[in-house]
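Computed from a prediction, not measured in an experiment: that's the story for all the values here. Atoms within each ligand, like the ligands themselves, are counted from 1 in listed order. Counting begins at 1 with the first residue of the sequence.
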Amino acid sequence: MTHELNTGGDRGYLRIATEEAFATRELIDAYLRMVADGTADKGMVSLWGFYAQSPSERATQIIDRLLDLGDQRIRHMDETGIDKAILALTSPGVQPLLDVEEAKGIARRANDALADACAAHPDRFIGMTAVAPQDPEWSAAEIRRGASELGFKGVQICSHTQGHYLDEEQFDPIFRALADTGQLLYIHPATLPDSMMGGMVDAGLDGAVFGFAVETSYHLLRLVTTGIFDRYPDLQIMAGHGCEALPYWLYRTNYMFNAGVRSQRYARLKPLKHDLFHYMRNNFLGTCSGLPFEPAIKLMIEVMGEDRVLYAMDYPYEYVPDEVRMMDDLAITDAQKKKFFQTNAERWFKL
Ligand code: 1DF
Ligand code: MN
């Protein structure tokens, strides 16, 4: 151990963790039912068939920690020096549920439970609204309720919804509500739809180990290349896991996207107002969830700008005190570190 982890800013910054998960019992029960009755897709069987049923220490501990929005979570934050957690319903939220009324009910009650927890710990917990994109108009209304009545500071959507992507016209009410409330959209990974799964489960690569990033970066890129930021120039999209590797690939995606557009290779791809570098530096925010890795964080800072890179722990999926110490010891300037841990979160979530 190199140094103690305390809350309260003894290193010159507060630590705000921006991709922290919780669950409600009824959501886990709905996942279990889908796994049992055969309506879950391969990704759900792999992910929630494991976490909700495995007797392993990892699975049982994670379920226990997801369900706690009280003392244990606060104690774990205290023990790792996390001043504030920005909380969102765990992945894939209610998005795989086939009964839309059930999905909306579970999302609404999860939002209410989260709002209660935030009210009980106003200096420690901040909430993001969960939605059910299966019903875009309802989701838009829930985003407005989250912003105005529940005090939430952003919206999280767990990538695709039963194979549907947010660039589809039907989801426009969600972007309208984000624009009207001035809130950011956190696009969190989800299990892969069957159409993308291929041999990933056999290879053991479908989850957070790899598949999540493939599917989520695909989703993020679809949104950019079909012009979401030309329609909504002020929209901010946050993504975890090193912005799902987009900064690493940026030169190539930009070059090949523009080459394809110029040669009119794809009917759907039209010229954008800006190159992809512009959107990466004006509309994307990236967190280090799952990637407390100095080269990746420095790359994000260089490519996206130091105002756009934020700390996240990804509790309870990743709860490793030494990772917080590694982030304290990042070889970036003190001013950049304060932005990374504290002030970028305050700025973009409007805390
Ligand atoms: C895992 C990782 C699961 C992340 C998650 O939600 C999740 C995992 C179900 O390790 O299986 O949010 N993550 O963001 O890295
Ligand atoms: Mn996560």
Just jot down the ligand 1 atoms closer than 4.0 angstrom to any heavy atom of [X], in number order.
X: D314; result: 4 (C), 12 (O), 13 (N), 14 (O), 15 (O)
X: T90; result: 6 (O), 9 (C)
X: R58; result: 8 (C), 10 (O)
X: L47; result: 9 (C), 11 (O)

field: Shortest protein heavy-atom distance from atom 2 (C) of ligand 1, along with the residue and atom involved
entry: A208 CB, 3.5 Å
- prompt: Considering only protein heavy atoms, which is closest to atom 1 (C) of ligand 1, and at what distance to one decimal place?
  reply: Y317 CD2, 3.5 Å
- prompt: Heavy atoms only: which of Y315, F212, Y51 is nearest to atom 8 (C) of ligand 1?
  reply: Y51
For [X] and [Y], take the angle between the two ring planes, folded into 0 to 90°, and tell me which bin it lands in: parallel under 30, tilted 30 to 60, perpendicular over 60.
X: Y186; Y: H188; result: tilted
X: W48; Y: Y31; result: tilted
X: Y311; Y: F341; result: tilted

query: Quick check: does H188 put an N/O/S atom under 2.8 Å from the Mn ion (ligand 2)?
result: yes
- prompt: F50 near ligand 1, heavy-atom distance under 4.0 Å?
  reply: no
message: Is E318 close enough to touch ligand 1? Criterion: a residue heavy atom under 4.0 Å from a ligand atom.
response: no
- prompt: For the Mn ion (ligand 2), which N, O or S atom of E19 is at the shortest distance?
  reply: OE2
message: Among the N, O or S atoms of D314, which one sits nearest to the Mn ion (ligand 2)?
response: OD1
task: Determine whether L220 and L184 fall in the same hydrophobic cluster, where Ile, Leu, Val, Met, Phe, Trp and Tyr are linked whenever their side-chain heavy atoms lie under 4.5 Å apart.
output: no
- prompt: In the single-linkage hydrophobic clustering (I, L, V, M, F, W, Y; side-chain heavy atoms under 4.5 Å), do I106 and L47 co-cluster?
  reply: yes
query: Quick one: does E20's side chain have a donor or acceptor within less than 3.5 Å of a partner on D314's backbone?
result: yes
message: Keeping D167 on the side-chain end and T226 on the backbone end, is there a donor-acceptor pair under 3.5 Å?
response: no
- prompt: Going from CE on M313 to CD on E323, what distance comes out if it is rounded to the nearest 0.5 angstrom?
  reply: 7.5 Å
